[in-house]
Novice: 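I'd like to ask you about the structure that follows.
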Amino acid sequence: MTTESRTDSGRYQPGDIESRWRERWERDGLNRVADHVEGRPNRYHVTMFPYPSGDLHVGHWFAMAPSDALARYFRMRGYNVLLPMGFDAFGLPAENAAIKGGAHPRDWTDANIQRMRDQLRAMGATFDWERQVNASDPDYYRWTQWWFLQLFKRNLAYRKDATANWCPSCNTTLANEQVIDGRCERCESEVTQRQMEQWFFRTTEYAEELLANEHLDWPEHVKVMQRNWIGRSEGAEFTMRVQGREDDPRLADGFRVYTTRPDTAFGMTFAVLSPEHALVDAVTTDAQRTDVTAFIERVRRTTEIERLSTEGSLEKRGVFTGSYAVNPFNGEPVPVFLADYVLASYGTGAIMAVPGQDQRDWDFATAYGIPIVRTVQPPEGWEGEAYTGDGPAINSRWLDGLHKAEAIERATSWLEEQGIGARKVQYRLRDWLISRQRYWGAPIPILYCERCGTVPVPEDELPVALPYDVEFQPTGRSPLATSDAFVEAVCPDCEGPARRETDTLDTFMCSSWYFMRYPDPRNADAPVSREAAEAWLPVDQYTGGSEHATMHLLYARFFYKVARDMGLVPGDEPFVRYFAQGQILGPDGRRMSKSRGNVVAPDGQIEKWGADTFRAYLMFLGPWDQGGPYDVDGIVGVYRWLSRVWAVVTDPPSLVDAPEAGRALRVEAHSTLQKVGEDYEAKRFNTAIAAMMELTNALQRLRDHGEADRGAWDEAVRMLILMAAPACPHIAEELWERTGGGYSVHQQAWPEFDAALTVPDTVEIAVQVNGKVRGRIEVAPDAEEAAARDAALADEQVATQVSGRQVVRVVYVPGRLLNFVVK
RNA sequence: GCCGGGGUGGCGAAAUGGCAGACGCAGCGCACUCAAAAUGCGCCGAGCGCAAGCUCGUGUGGGUUCGAGUCCCACCCCCGGUACCA
């Protein structure tokens with residue numbers, strides 16, 4: 001503050017200052033780690049890279065603007081912070097656009113990336129664009145293919161039959177999203193399931209390690225979701241013979257069932273195979289074949305969610321095969337059914353059904369008139385149906401009277417002694433299907449040689465380039481199969497003719513390792529050098545939507561563990577900390593979409609209010625992890641705040657030397673500084689900005705008062721600008737310069753608060769009688785209970801309420817309240 | 001269905017088991033203005049009351065506690081994920 005008189009420096013005009021400072025920061029490379037100070041610790045922040053869908057969306061800003069504020073805050077805290085950005089550029093929308101007759105996916109994607117980069121610049125974020133990655137760039141997907149080869153080499157990639165949604169009319173596979181109520185979104189034909197040979201990664205190999213996530217500094221609910229997704233269960237697997245059918249070679253060994261409750265096996269009254277089970281044909285008798293075939297046809301048109309639902313009746317959701325299997329525990333025959341609620345992908349694809357102890361089995365048995373035998377005693381007065389609790393075993397011969405844990409142990413041991421079964425840990429987690437019958441993805445680097453079979457493409461021949469000219473219109477084959485130039489190849493082993501794999505890799509593969517690429521984005525010899533990996537990995541702070549809680553975040557963890565086993569990266573986990581930001585909705589509270597007409601374009605908001613206001617508003621409108629509707633009317637409040645900041649800084653009151661009078665402002669400034677620091681640290685941007693608003697309002701009151709203590713005023717203004725800098729970088733830079741701070745505010749250290757100045761002289765506390773507030777008193781924050789009690793009883797209201805009654809207890813919480821409990 | 005999250009004024013929200021509604025939007029009143037905008041000041045959960053004040057109030061129903069938005073039990077509604085949207 002250099003002037004005593006009130007000069008009018010003009011009103012806050014964000015348009016003038018924002019572009020000027022952005023250009024200067026870019027010119028100076030303020031965001032490039034290489035230019036930062038030596039000797040500072042590195043800190044690596046990553047925000048999930050966007051899919052280049054077209055225009056930048058408010059949702060992108062909601063994810064990225066607070067991320068930038070956080071990175072800036074940690075720079076002020078003395079770290080070299082790397083904050084990169086890239087594009088998850090392979091995927092379905094680009095291909096759909098091409099099929100609908102739009103541009104080629106390559107051109108469409110590149111144009112979108114260019115546009116979104118330009119739009120992102122307006123945020124004033126410190127993304128290091130020199131490290132940008134583009135997953136559809138051959139220099140990137142070459143390494144995505146390299147990863148596939150490494151997993152193949154380590155026996156973590158294999159082929160097996162799997163089903164895919166198939167539209168018989170469009171002649172193409174469909175993503176789940178393209179299936180609406182069992183029909184193709186384009187032509188509305190009924191979608192069926194089609195079996196084809198596809199590539200998988202053995203994620204289940206790492207199930208146990210992925211399950212162990214307790215130690216991660218992640219939101220608890222995300223860790224719980226992952227553990228439930230992996231779904232470890234301990235149980236037993238055993239063989240059931242098919243009565244009278246042992247002469248059929250397919251049934252000579254019977255079939256295997258998996259159960260977590262072998263102790264309830266005496267209550268088995270039927271057995272169920274999944275409709276996709278390999279032995280369905282064998283167990284089906286001629287008399288039942290028509291019904292069974294019709295049932296399987298129906299199941300092929302049902303989604304998995306519908307199949308697993310326990311809602312409604314199970315009638316017509318199963319069919320009798322005509323065969324009987326033998327319960328090995330008591331030698332009794334039980335009918336074998338098919339039912340849609342048994343999935344081929346879990347366990348052995350077959351179960352023993354115990355309706356007394358399983359609700360879905362109960363419902364099924366009721367619908368099909370199958371007997372129900374309880375083998376666990378429900379508690380007294382039990383009125384429910386299936387009972388899954390821990391009661392003593394009944395109707396179970398040698399298990400009777402035993403409780404769950406011991407009964408399971410005995411039953412399992414018995415299976416092992418008999419040589420018909422064994423204990424088995426089972427996961428709900430399935431291996432990762434990575435084959436896609438699509439064009440816009442990285443080709444799977446595999447060759448099929450007539451003589452040598454399945455041959456991996458040699459690493460030095462990568463990338464297997466995606467050809468530009470192919471047929472996108474569905475032909476019933478993968479688009480790459482329509483390009484002879486692509487398909488026809490030479491076997492690297494025998495130099496004979498070979499055909500290339502024509503499926504492409506799931507785009508989740510691109511996003512499973514991109515954060516390993518930013519530290520060393522132009523490396524032509526490895527996805528990342530050991531040196532760059534040591535410098536930056538693992539990621540210190542990862543942010544992105546919680547919709548990725550199970551799939552992307554698990555795939556990335558899987559990849560990182562494989563990378564670790566290969567000696568590529570330090571540590572065991574890719575993301576030390578993870579923050580799940582919420583989703584921003586349209587003003588009507590629904591997800592923004594063009595068809596609903598509720599999309600708010602960031603560009604318009606910036607034009608109207610400036611980037612700082614828009615950034616701060618997104619941080620202010622609610623807790624970051626919650627998201628919520630974007631209210632176009634609310635943003636003016638943040639604009640008014642920044643205008644007030646501008647006004648108090650550029651047009652201060654008369655400054656005099658009056659330290660006594662300045663103490664109140666100093667307490668306000670230091671308390672705010674403490675709170676804002678804690679809030680930034682915890683990503684509570686909404687309350688951080690609210691606190692800065694309060695400090696600004698206090699400054700404004702002093703300004704209207706016409707006079708303030710010079711020392712307190714200058715300190716408060718300086719602190720306010722520094723606190724605002726991470727959230728509102730442009731105005732902070734401008735005001736920092738105008739108040740003589742120099743360049744750049746973004747290279748300043750975060751100020752330290754004085755703890756002695758965060759405590760006010762007196763506080764107002766509530767006085768309650770029997771828990772109801774009857775008065776308020778002004779006391780020192782650390783006042784003794786006796787002093788507080790005296791002050792409270794001096795209050796007329798309180799005295800009236802207490803007099804004539806017996807005080808049985810007094811509860812005193814210093815600085816908060818005093819409660820008289822009276823009779 | 002299953003897994004996870006959420007429900008507080010007209011609206012977005014705040015609140016280590018301790019004064020519910022900070023901060024902001026909208027609204028109402030006032031000042032400035034020829035007027036409007038902008039800005040500043042005041043009011044702003046509901047009901048009752050001239051007032052002092054009283055009663056009720058955090059999705060619903062119950063419980064624990066001197067004290068519950070917060071902890072426990074049961075339920076209702078909304079959102080995300082559910083393995084080929086990313």
Side-chain angles (χ1 to χ4, degrees), chain A residues 11 48-51 53 88 90-93 96 164-165 173-179 198 203 219-222 224-229 231 303-312 341 345 360 428-438 506-508 511 545-552 554-555 580 582-583 585 589-591 617 620-623 625-631 633-638 640-641 643-644 647 686-687 689-694 697 700 704 764-768 770-773 775-776 796-797 808-813 815-822:
Chain A
R11 298 181 25 178
M48 289 180 188
F49 63 167
Y51 178 77
S53 50
D88 191 8
F90 275 139
L92 196 58
N96 282 342
N165 299 314
T173 54
L174 297 176
N176 290 340
E177 198 192 42
Q178 297 175 295
V179 182
Q198 310 202 59
T203 40
E220 199 54 41
H221 74 267
V222 174
V224 170
M225 273 194 272
Q226 288 206 346
R227 291 198 291 265
N228 291 339
W229 181 265
T303 68
E304 194 172 303
I305 291 171
E306 287 166 346
R307 285 180 59 171
L308 290 177
S309 173
T310 48
E311 186 123 286
Y341 70 92
S345 53
R360 276 182 306 197
R428 208 189 71 95
L429 179 73
R430 313 207 279 250
D431 278 344
W432 174 10
L433 195 169
I434 51 162
S435 296
R436 298 291 181 271
Q437 296 75 48
R438 305 194 194 291
D506 179 8
T507 54
F508 270 123
S511 53
S546 58
E547 68 271 21
H548 293 294
T550 44
M551 304 183 66
H552 160 63
L554 264 180
Y555 294 145
Q583 191 175 39
L585 304 171
R590 301 192 302 164
R591 204 205 282 251
Y617 180 53
F620 177 68
L621 56 75
D625 58 359
Q626 201 175 296
Y630 185 88
D631 177 8
D633 296 322
I635 189 170
V636 69
V638 174
R640 286 180 191 146
W641 166 54
S643 300
R644 279 198 297 276
N686 56 329
T687 48
I689 288 171
M692 288 189 271
M693 285 175 169
E694 287 187 79
N697 292 346
Q700 165 123 340
D704 290 346
E764 191 186 71
I765 70 168
V767 181
Q768 300 181 334
N770 282 350
K772 287 202 191 305
V773 179
R776 290 169 221 285
E796 201 182 319
Q797 274 293 322
V808 293
R809 190 173 164 189
V810 177
V811 181
Y812 177 54
V813 184
R816 293 275 181 185
L817 61 61
L818 183 70
N819 186 15
F820 292 97
V821 183
V822 300

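A, B, ... follow the sequence lines: proteins, then strands. Residue 1 opens every chain. Bear in mind that the values here come from a model prediction, so they are computed numbers and not experimental data.
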Novice: Classify the angle between the aromatic ring planes of F508(A) and H548(A) as parallel (below 30°), tilted (30 to 60°) or perpendicular (above 60°).
Specialist: perpendicular
Novice: Which distance, rounded to the nearest 0.5 Å, do you find between the CG of D625(A) and the NE2 of H221(A)?
Specialist: 7.5 Å
Novice: Starting the side chain at C-beta, find the nucleotide from G40(B), C54(B), G18(B) nearest to V811(A).
Specialist: G18(B)
Novice: Nearest nucleotide by nearest heavy atom, which residue falls closer to the 5' end of RNA chain B, G627(A) or A691(A)?
Specialist: G627(A)
Novice: With sugar-phosphate meaning primed atoms plus P, OP1 and OP2, does N819(A) contact a base, only sugar-phosphate, or nothing at under 4.0 Å between heavy atoms?
Specialist: base
Novice: Can you tell me if Q226(A) touches the phosphate of G4(B), counting only side-chain N or O atoms and a distance under 4.0 Å to OP1 or OP2?
Specialist: no
Novice: Pick base, sugar-phosphate or nothing for E764(A), based on heavy-atom distances below 4.0 Å to the nucleic acid.
Specialist: base
Novice: Between Q226(A) (side chain) and A549(A) (backbone), is there a donor-acceptor pair under 3.5 Å?
Specialist: yes
Novice: Given the P atoms of U8(B) and U65(B), what is the spacing between them in whole Å?
Specialist: 29 Å
Novice: Using a heavy-atom cut-off of 4.0 Å across all strands, would you classify Q768(A) as base, sugar-phosphate, or nothing?
Specialist: base
Novice: Is there a side-chain polar atom (N or O) of K772(A) under 4.0 Å from OP1 or OP2 of C56(B)?
Specialist: yes
Novice: Quick one: the dot-bracket string of RNA chain B, using Watson-Crick and G-U wobble pairs with both distances under 3.5 Å, [ ] for crossing pairs and | for bases paired to another strand.
Specialist: (((((((..(((.....[....))).(((((.......))))).((((....))))..(((((..]....))))))))))))....
Novice: What distance, rounded to whole Å, do you find between the two C1' atoms, one in A83(B) and one in A14(B)?
Specialist: 39 Å
Novice: Are any of R640(A)'s side-chain N or O atoms less than 4.0 Å away from OP1 or OP2 of U39(B)?
Specialist: yes
Novice: Just label G9(B) as syn or anti from its O4'-C1'-N9-C4 or O4'-C1'-N1-C2 angle, using within 90° of 0 for syn.
Specialist: syn
Novice: Check whether T203(A) reaches the backbone of R430(A) with its side chain - one donor and one acceptor, N or O, closer than 3.5 Å.
Specialist: yes
Novice: Tell me what D625(A) touches on the nucleic acid: a base, only sugar-phosphate, or nothing, going by heavy atoms under 4.0 Å.
Specialist: nothing
Novice: Check every strand shown and say whether L817(A) touches a base, only sugar-phosphate, or nothing at a heavy-atom separation below 4.0 Å.
Specialist: base
Novice: Pick the C1' atom in U70(B) and in A20(B), then give their distance to the nearest Å.
Specialist: 11 Å
Novice: Tell me which nucleotide among G18(B), A22(B), A86(B) gets nearest to the side chain of A690(A).
Specialist: A22(B)
Novice: In this structure, how many angstroms lie between the P atom of C25(B) and the CG atom of D633(A), rounded?
Specialist: 11 Å
Novice: I'd like to know if the side chain of R436(A) reaches the main chain of D506(A), judged simply by a donor and an acceptor atom lying under 3.5 Å from each other, with no hydrogens or angles considered.
Specialist: no
Novice: When you compare C25(B) with G61(B), how far apart are their C1' atoms, in angstrom units rounded to a whole number?
Specialist: 34 Å
Novice: Under 4.0 Å, counting only non-hydrogen atoms across every strand here, what does G771(A) touch: a base, just sugar-phosphate, or nothing?
Specialist: nothing
Novice: What distance, rounded to whole Å, do you find between the two P atoms, one in C44(B) and one in G29(B)?
Specialist: 16 Å
Novice: Using 30° and 60° as the class limits, which term best fits the ring planes of Y630(A) and Y617(A): parallel, tilted or perpendicular?
Specialist: perpendicular
Novice: For nucleotides 74-84 of chain B, which of its nitrogen or oxygen atoms have a protein nitrogen or oxygen under 3.5 Å away, and what is each distance?
Specialist:
residue	atom	partner	partner atom	Å
G80(B)	OP1	R591(A)	NH2	3.3
A83(B)	O5'	N176(A)	ND2	3.4
A83(B)	N6	R428(A)	O	2.8
A83(B)	N1	R430(A)	N	2.8
C84(B)	OP2	R436(A)	NH2	3.2
C84(B)	O4'	R436(A)	NE	3.3
C84(B)	O4'	R436(A)	NH2	3.3
C84(B)	O3'	N176(A)	N	3.4
C84(B)	O2'	N176(A)	N	2.5
C84(B)	O2'	N176(A)	OD1	3.4
C84(B)	O2	R438(A)	NH2	2.3
C84(B)	N4	Q198(A)	OE1	3.1
C84(B)	N4	Q437(A)	OE1	3.0

Novice: Would a 4.5 Å heavy-atom cut-off, applied to side chains only, mark N228(A) and M225(A) as touching?
Specialist: no
Novice: Between G42(B) and C48(B), how far apart are the C1' atoms? Round to whole Å, please.
Specialist: 25 Å
Novice: When rounded to the nearest Å, what value does the distance between P atoms of U58(B) and G53(B) take?
Specialist: 24 Å
Novice: Between the side chain of N819(A) and the main-chain N/O of G771(A), is any donor-acceptor distance below 3.5 Å?
Specialist: yes
Novice: Could you check whether G91(A) gets within reach of a base, just the sugar-phosphate, or nothing at all, counting any heavy atom under 4.0 Å?
Specialist: sugar-phosphate
Novice: Which whole number of Å gives the distance between the C1' atom of C71(B) and that of C77(B)?
Specialist: 23 Å
Novice: Return the polar atom pairs (N/O with N/O) between nucleotides 14-17 of chain B and the protein under 3.5 Å, or none.
Specialist:
residue	atom	partner	partner atom	Å
A14(B)	OP1	N686(A)	ND2	2.7

Novice: Would you kindly compare G634(A) and N228(A) by the position of their nearest RNA chain B nucleotide and give the one closer to the 5′ end?
Specialist: N228(A)
Novice: NA contact type, V636(A), heavy-atom cut-off 4.0 Å: base, sugar-phosphate, or nothing?
Specialist: sugar-phosphate
